[in-house]
2 protein chains.
Amino acid sequence: MKYIEKLRNSGLRPTKQRLQICELLFDTEKTFHFTINELNQKIKDKIDNKISLATIYNTVHAFEKKGYLKQIPVNSNQTYFDTNITDHHHFYNLKDGKLIDLEKSDVGPINIKKKIDGKKIKSIEVLVKLED
Amino acid sequence: MKYIEKLRNSGLRPTKQRLQICELLFDTEKTFHFTINELNQKIKDKIDNKISLATIYNTVHAFEKKGYLKQIPVNSNQTYFDTNITDHHHFYNLKDGKLIDLEKSDVGPINIKKKIDGKKIKSIEVLVKLED
DNA sequence: CAGCTTTTTAGAACCATTATAAACTAGTCT
DNA sequence: AGACTAGTTTATAATGGTTCTAAAAAGCTG
Ligand SMILES: [Mn+2]
Ligand SMILES: [Mn+2]
Ligand SMILES: [Zn+2]
Ligand SMILES: [Zn+2]
């Protein structure tokens with residue numbers, strides 16, 4: 001299994017649940033955006049055994065901490081995650097709450113001219129809201 | 001009272017509660033960012049009578065709908081609002097969860113090269129996360 | 001004031017997320 | 001293998017921000 005190494009290298013034990021979640025999240029043609037609720041549905045659909053909701057939360061947060069997932073800042077009652085961990089931006093379709101990737105090259109360089117003493121920039125994220 | 005007109009013109013009755021909230025939000029030297037919880041505290045501190053939490057939510061959402069407040073997309077369990085309704089961006093200090101304004105001139109023009117059929121851009125928001 | 005609509009309010013409900021603590025599992029060491 | 005330990009999963013409860021409810025209060029118009 002290709003994820004056993006990955007998990008071990010991160011100090012995470014390669015449990016059955018984590019490996020199954022890895023497959024759902026990372027064994028895909030394209031990267032994608034999801035909420036915990038959507039991931040929970042997908043797990044119910046595609047996996048025989050049950051994975052408890054608590055484990056899904058734990059796993060997603062563990063993966064986020066290790067940098068295998070990113071959280072996307074949007075105004076929603078649910079948290080959005082992204083399996084695309086490259087530096088990129090998003091369209092946010094207000095109609096259906098779906099995110100669409102905007103590659104860095106689709107936006108051009110962003111030059112933050114203001115500086116805050118003693119702080120450094122961790123990330124720059126652009127959210128482009130779309131309406132009809 | 002200067003807010004009576006403003007509210008009436010928006011189709012909102014100028015109630016005591018709304019006028020008091022207007023003063024707290026808009027009678028300030030500088031604009032500011034707040035969560036409902038912080039606004040609730042400020043109301044308890046600066047206003048004699050009580051305003052119920054439901055009214056605070058109702059009022060903030062009514063003001064947002066009328067365009068007197070903006071919601072800022074951040075990853076937080078609470079919703080952040082902004083009394084600065086001009087087009088601008090934000091630093092987000094991860095340490096204390098505080099927002100700092102970034103004027104458009106502090107960021108420079110953002111050119112979104114990608115187009116989505118049948119959709120138009122409603123807003124472009126940049127969030128710059130800060131760490132130590 | 002009367003009549004009608006909007007607003008306020010306390011409290012309940014909702015629901016995403018986090019905490020708890022007991023059962024289970026993976027890895028390590030004989 | 002068995003025993004030991006730390007890490008993980010799980011059902012379930014708790015938390016907490018936000019929304020809903022429905023009755024009382026307030027604003028508006030005539
Ligand atoms: Mn989270
Ligand atoms: Mn809200
Ligand atoms: Zn993305
Ligand atoms: Zn602002």
Side-chain angles (χ1 to χ4, degrees), chain A residues 1 3-25 33-44 47-66 68-69 71-81 97, chain B residues 1 3-25 33-44 47-66 68-69 71-81 97:
Chain A
M1 301 299 201
Y3 297 113
I4 292 180
E5 272 303 281
K6 178 173 177 168
L7 290 173
R8 279 224 187 82
N9 290 341
S10 320
L12 297 173
R13 289 187 181 170
T15 64
K16 183 171 77 165
Q17 293 86 344
R18 283 177 179 162
L19 290 169
Q20 289 176 321
I21 292 175
C22 275
E23 284 174 22
L24 287 184
L25 292 180
H33 308 105
F34 66 94
T35 63
I36 295 287
N37 187 48
E38 289 166 349
L39 179 57
N40 191 22
Q41 282 309 317
K42 188 173 284 190
I43 287 168
K44 282 183 186 156
I47 289 183
D48 285 332
N49 52 301
K50 178 181 198 298
I51 300 181
S52 84
L53 189 56
T55 296
I56 299 174
Y57 273 100
N58 289 342
T59 302
V60 166
H61 285 133
F63 287 2
E64 187 202 0
K65 200 170 209 171
K66 296 300 179 184
Y68 304 143
L69 290 173
Q71 226 179 296
I72 310 298
V74 273
N75 288 129
S76 165
N77 54 330
Q78 289 171 255
T79 306
Y80 280 72
F81 294 92
Chain B
M1 299 300 202
Y3 297 113
I4 292 180
E5 273 302 281
K6 177 172 179 170
L7 291 173
R8 279 226 186 80
N9 290 341
S10 319
L12 298 172
R13 289 186 181 171
T15 63
K16 182 171 79 166
Q17 291 86 345
R18 284 178 179 159
L19 290 169
Q20 289 177 322
I21 292 174
C22 274
E23 284 173 21
L24 287 183
L25 293 179
H33 308 104
F34 66 93
T35 63
I36 295 287
N37 187 47
E38 289 166 349
L39 179 57
N40 191 20
Q41 284 308 317
K42 187 173 285 192
I43 287 168
K44 281 183 187 155
I47 290 184
D48 285 331
N49 53 299
K50 177 180 198 298
I51 300 182
S52 84
L53 189 56
T55 296
I56 299 175
Y57 273 100
N58 289 342
T59 302
V60 166
H61 285 134
F63 287 1
E64 187 202 1
K65 201 170 209 171
K66 296 300 178 182
Y68 304 144
L69 290 172
Q71 224 179 299
I72 310 299
V74 273
N75 288 130
S76 165
N77 56 328
Q78 288 172 256
T79 306
Y80 281 72
F81 293 91

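If you're wondering where the values come from, they're calculated on a predicted model, not measured in any experiment. Side chains included, hydrogens not; waters and symmetry mates left out as well; all remaining heavy atoms used. A, B, ... follow the sequence lines: proteins, then strands. Residue 1 opens every chain.
- To the nearest 0.5 Å, atom CZ of residue B:F34 and atom CG of residue B:L25 are 5.0 Å apart.
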Worked verdict on A:L12 versus A:R8 for side-chain contact (heavy atoms from CB on, under 4.5 Å): CA-CA 5 Å; A:L12 297 173; A:R8 279 224 187 82; over 6 Å; no
Is there a side-chain contact (heavy atoms from CB on, under 4.5 Å) between A:V60 and A:F81 once you walk through the steps? CA-CA 9 Å; A:V60 166; A:F81 294 92; 3.5 Å; yes
Donor-acceptor pairs under 3.5 Å, side chain of residues 15-22 of chain A to any protein atom, not counting sequence neighbours: which ones?
{"unit_1": "A:T15", "atom_1": "OG1", "unit_2": "A:R18", "atom_2": "N", "d": "3.2"}
{"unit_1": "A:R18", "atom_1": "NH1", "unit_2": "A:R13", "atom_2": "O", "d": "3.0"}
{"unit_1": "A:Q20", "atom_1": "OE1", "unit_2": "A:N49", "atom_2": "ND2", "d": "3.0"}
{"unit_1": "A:Q20", "atom_1": "NE2", "unit_2": "A:N49", "atom_2": "OD1", "d": "2.8"}

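- Phosphate proximity of D:dT18 to B:Y57: present, with a side-chain N or O under 4.0 Å from OP1 or OP2.
- For A:R18, the listed nucleotide lying nearest its side chain is D:dT9; candidates were D:dT9, C:dA10, C:dG27.
- Distance from the side chain of A:H61 is smallest to C:dT18 among C:dT18, D:dT10, C:dT8.
- Interface residues of residues 3-13 of chain A facing DNA chain C, ordered by number: A:R8, A:R13; criterion, heavy-atom separation under 4.0 Å.
- Put simply, the side chain of A:N40 never gets that close to the backbone of A:I36: no donor and acceptor are under 3.5 Å apart.
- Of the two residues contacting DNA chain D, namely B:Q17 and B:Q78, the nearest-nucleotide position lying further toward the 5' end is that of B:Q78.
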If you apply the rule side-chain contact (heavy atoms from CB on, under 4.5 Å), what do you find for A:Y80 with A:Q71, and how did you get there? CA-CA 6 Å; A:Y80 280 72; A:Q71 226 179 296; over 6 Å; no
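- B:Y68 is linked by a side-chain hydrogen bond (donor to acceptor under 3.5 Å, both in side chains) to B:S10, counting only residues two or more places apart in sequence or in another chain.
- Within the nucleic acid shown, A:N58 comes within 4.0 Å of at least one base atom, counting heavy atoms only.
- Between B:Y80 and B:K16, it is B:Y80 whose nearest contact on DNA chain D lies nearer the 5' terminus.
- The side chain of A:I36 sits closest to C:dT17 out of C:dT8, C:dA16, C:dT17.
- End-to-end axis angle of the helix from C:dC1-D:dG30 to C:dT30-D:dA1, using five pairs per end and rounding to 10°, comes to 30°.
- For B:E38, the salt bridge (charged side-chain N to carboxylate O under 4.0 Å, His left out) partners are B:K98, not counting sequence neighbours.
- Using a 4.0 Å cut-off, no side-chain N or O of A:T15 falls inside it from OP1 or OP2 of D:dG7.
- Between the P atom of D:dA26 and the CD1 atom of B:I51 lies a distance of 14 Å, rounded to the nearest Å.
- Remark: C1' of D:dA24 and NZ of B:K50 are 15 Å apart, rounded to the nearest angstrom.
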Contacts under 3.5 Å, N or O only, protein and nucleotides 19-23 of chain C:
none

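- Here the side chain of B:T55 pairs no donor or acceptor atom with the backbone of B:I51 at under 3.5 angstrom.
- How far CD1 of A:I72 is from OG1 of A:T35: 12.5 Å, rounded to the nearest 0.5 Å.
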